[in-house]
Amino acid sequence: MRFKKLKKHAEHFLESNLEGAEIPKVFCNTNALNRFTHYLDNFLAENLKECANLYHREQENEKILQGVQTLRNEISEAKRAAQLAAEEAASAHAAANEASYYAVNAADEARSSRHNH
């Protein structure tokens, strides 16, 4: 929405719904006014107090959703790290098995050559 149209819409909103009401500074921003207009236009709220309560709940819900998304990201990163660690462990295990095989063969050859001399 363009600024002039938004300003006009906000002014109409204020005139028709909040005449004489003092709006706390926390709600004096474009996002809050847009949400308040939405609440009133869609019969979700009937007055400033109801608008403020809905807006506050939406903000709290948004924080919760952001926290959930952060946790999901951290879980995904942990899964990737665990998978890489498992792959490295499997590779190390294979290398240890190979080294053990060569060590046993070398020991057998050493014993065999001592017995032959």
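Computed from a predicted structure; not experimentally measured. Keep in mind that the numbers below use all heavy atoms, side chains included, and drop hydrogens, waters and symmetry copies. Each residue takes its place number in the sequence, starting with 1.
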Within this structure, what is the [atom1]-[atom2] distance for the pair [X] and [Y], rounded to the nearest 0.5 Å?
X	Y	atom1	atom2	value
Gln69	Asn73	CD	CG	4.5 Å
His38	Leu44	NE2	CG	5.0 Å
Tyr39	Asn47	OH	CG	13.5 Å

Output yes when a side-chain donor or acceptor of [X] lies under 3.5 Å from a complementary backbone atom of [Y], and no otherwise.
X	Y	answer
Glu50	Glu46	yes
Thr70	Gln66	yes
Ser91	Glu87	no

Can Arg72 and Val68 be said to form a side-chain contact (heavy atoms from CB on, under 4.5 Å), step by step? CA-CA 6 Å; Arg72 284 181 177 163; Val68 168; 4.0 Å; yes
Can you say whether the rings of Phe36 and Tyr55 are parallel (under 30°), tilted (30 to 60°) or perpendicular (over 60°)? perpendicular
Do NZ/NE/NH1/NH2 and the carboxylate oxygens of Glu60 and Arg57 come within less than 4.0 Å? no
Can a side-chain donor-acceptor contact be found between Glu109 and Asn105 if the only test is distance below 3.5 angstrom? no
Verify side-chain contact (heavy atoms from CB on, under 4.5 Å) between Gln59 and Asn31, making sure each step is shown before the conclusion. CA-CA 11 Å; Gln59 297 302 306; Asn31 183 50; 4.0 Å; yes
Derivation and outcome, side-chain contact (heavy atoms from CB on, under 4.5 Å), residues Leu71 and Glu74: CA-CA 5 Å; Leu71 288 174; Glu74 289 173 359; 3.9 Å; yes
Tell me the closest heavy-atom pair linking Leu40 and Ala45, and the distance in Å. CD2-O, 3.3 Å
Please give me the minimum heavy-atom distance between Ser113 and Ala110, naming the atom from each residue. OG-O, 3.1 Å
